[in-house]
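In what follows, a structure is listed as C-alpha cells, so that the remarks can point back to it.
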Amino acid sequence: MRLIQNMTTITEFCTPENQPLSRVIKIAVVGGSGVGKTALVVRFLTRRFIGDYERNAGNLYSREVQVDGEQVTIQVQDTPGGEMTNNGVKLPDHVTCSIQWADAVVLVYSVTDRRSFDLISQLHQLVVRAGGAIVPPVILLANKADLLHLRRVDSQQGPLLAGALGCSFYEVSASEDYNQVHGAFHRLCCQLAKQPPAPSSSPHTGASAAPEKRRSPLIPRPKSPNMQDLKRRFKQALSAKVRTVTSV
C-alpha cells in the first residue's frame, strides 16, 4: 500500500502509464552531525517524525508529487554530517558530489548545538565553490526550535547569518511542527519549479552544447529506502516508548 500524502499544493501524484516522465527537482540537505537532517527529510515527505535513526549513510529519498499543478519528482539527498577540525570542515567526499548534483541546497543547524551553527558559513563556502559558475539556491534551516531549555544559538543569529549569506531562513521543529518543515521545503520546491529545467535533466534534449559546471557525472547512486521500511521504524519507535512507559 502506498503512503498517500496531502501536502497543500505539494500532493501525492500517481503517474498514468501513458504520461511522459515527470520533471525531477533535486535537493541536497547538508549540515553537522546530529542536527536532524534525516528527521527533517522524512517529516517533509511522510508527515511522520521518527526520533531515532541509524547513522546517516547518505540516503536518497524520492517522491512523485504535484507542485502548484505541475507533476514533478522530488529527490532529496540526505548527507552525512560534517565536523569542524583544526584544518577546517571535515566532510565525506561524496557530499561535494551531492551539492554538484543538486538543484538546491538546504543547510541545517541545530539551535541546541553552537558548533553546528558555526559550521554553516564554511558549508556555504563549499556550496559556492562546488557550484562554480552557477550557484544553486540555498535556504538555511534552524532545527530543534522546541528545545528552548537547551538552546545555544540565539534566535536572532540565524536570520542575521542568512542575510549575510543571501539566503532564506526558517526556524523549525521537526518533532513538533510538520507545517513549519513543509512550508520551508514547499517554498523552495515552488521556486525551483518556476525555473527552466536544466538541459542535462531531460532525456529528450540529448547532450547540451555547454555542459553544466556543477553537474557531476561521478556521483554514486545512493541507497533509497522505501516507505515500508520507514513505517516499520516508526512502529518500532512507538513500541519502544510503550514498553518504557509500561515498565515504569
Side-chain angles (χ1 to χ4, degrees), residues 1-15 22-31 33-81 98 101-110 139-147 170-193 221-242:
M1 180 183 297
R2 295 185 67 194
L3 187 63
I4 304 301
Q5 306 298 319
N6 177 14
M7 301 183 180
T8 313
T9 55
I10 298 184
T11 54
E12 182 78 10
F13 190 84
C14 226
T15 308
S22 62
R23 176 179 176 179
V24 178
I25 291 177
K26 296 172 286 190
I27 301 172
V29 180
V30 182
S33 299
V35 299
K37 298 185 296 297
T38 305
L40 287 166
V41 173
V42 174
R43 185 67 144 159
F44 167 58
L45 293 176
T46 72
R47 287 179 172 263
R48 287 170 166 77
F49 172 73
I50 306 174
D52 297 320
Y53 288 91
E54 299 174 358
R55 184 174 178 84
N56 191 331
N59 290 326
L60 176 69
Y61 298 82
S62 181
R63 176 56 56 90
E64 190 103 352
V65 301
Q66 278 191 342
V67 177
D68 290 341
E70 179 187 359
Q71 178 188 347
V72 301
T73 297
I74 297 178
Q75 293 182 350
V76 186
Q77 176 66 65
D78 194 5
T79 63
S98 296
W101 162 87
D103 298 314
V105 177
V106 177
L107 296 178
V108 183
Y109 71 90
S110 167
I139 67 171
L140 179 60
L141 287 188
N143 191 28
K144 305 188 182 182
D146 56 301
L147 302 179
Y170 305 91
E171 186 167 287
V172 303
S173 169
S175 66
E176 297 292 330
D177 198 328
Y178 162 76
N179 290 326
Q180 291 178 339
V181 177
H182 170 266
F185 279 91
H186 169 256
R187 292 183 184 92
L188 180 60
C189 289
C190 290
Q191 176 186 349
L192 294 172
R221 180 173 179 80
K223 295 180 293 182
S224 180
N226 57 45
M227 290 302 159
Q228 293 296 331
D229 183 53
L230 289 174
K231 287 192 286 185
R232 177 182 59 78
R233 294 188 199 174
F234 182 67
K235 290 178 181 179
Q236 289 176 344
L238 287 180
S239 298
K241 291 181 180 179
V242 170

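Both backbone and side-chain heavy atoms feed into the values below; hydrogens, waters and symmetry mates do not.
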Legend entry - Atom of V35, atom of K144 and distance for their closest heavy-atom approach: O-CE, 3.8 Å

Inset, instruction - Write down the atom of G36, the atom of N143, and the distance for their closest heavy-atom approach. - result: CA-ND2, 3.7 Å

Inset, instruction - Please check if the side chain of R47 supplies one atom and the backbone of Y178 the other of a donor-acceptor pair under 3.5 Å. - result: no

Inset, instruction - Rounded to the nearest 0.5 Å, what's the gap from CD on Q66 to CG on D68? Could you check? - result: 9.5 Å

Inset, instruction - Can you measure from SG (C190) to CD (E70) and round to the nearest 0.5 angstrom? - result: 10.0 Å

Legend entry - Taking every non-hydrogen atom, the tightest pair across S175 and D146: OG-OD2, 3.3 Å

Legend entry - Approximate separation, where rounding is to 0.5 Å, of N179 CG and H186 NE2: 11.5 Å

Legend entry - Heavy-atom pair with the smallest gap, counting every atom of Q180 and S173: OE1-N, 3.0 Å

Inset, instruction - Side-chain contact test, heavy atoms from C-beta onward, threshold under 4.5 Å: evaluate it for Q71 versus E64 and give yes or no. - result: yes

Inset, instruction - Any chance you could measure I139, atom CD1, to I27, atom CD1, to the nearest 0.5 Å? - result: 7.5 Å

Legend entry - Any side-chain heavy-atom pair of T38 and Y61 under 4.5 Å: yes

Legend entry - Nearest heavy atoms of K37 and T79, plus distance in Å: CE-O, 2.9 Å

Legend entry - Gap separating the CG atom of D103 from the CD1 atom of I74, nearest 0.5 angstrom: 11.0 Å

Inset, instruction - Compare all side-chain heavy atoms of V29 with those of L40 and state whether any distance is below 4.5 angstrom. - result: no

Inset, instruction - If the plane angle is over 60° it's perpendicular, under 30° parallel, otherwise tilted; pick one for F44 and F185. - result: parallel

Inset, instruction - Output, in order, the C-alpha distance, side-chain angles, deciding distance and verdict of side-chain contact (heavy atoms from CB on, under 4.5 Å) for T73 and S62. - result: CA-CA 7 Å; T73 297; S62 181; 3.4 Å; yes

Legend entry - Nearest-0.5 Å distance, CD of residue Q77 to CG of residue N59: 8.0 Å

Inset, instruction - List the atom of L60, the atom of Q75, and the distance in Å for their closest heavy-atom pair. - result: CD1-CB, 4.0 Å

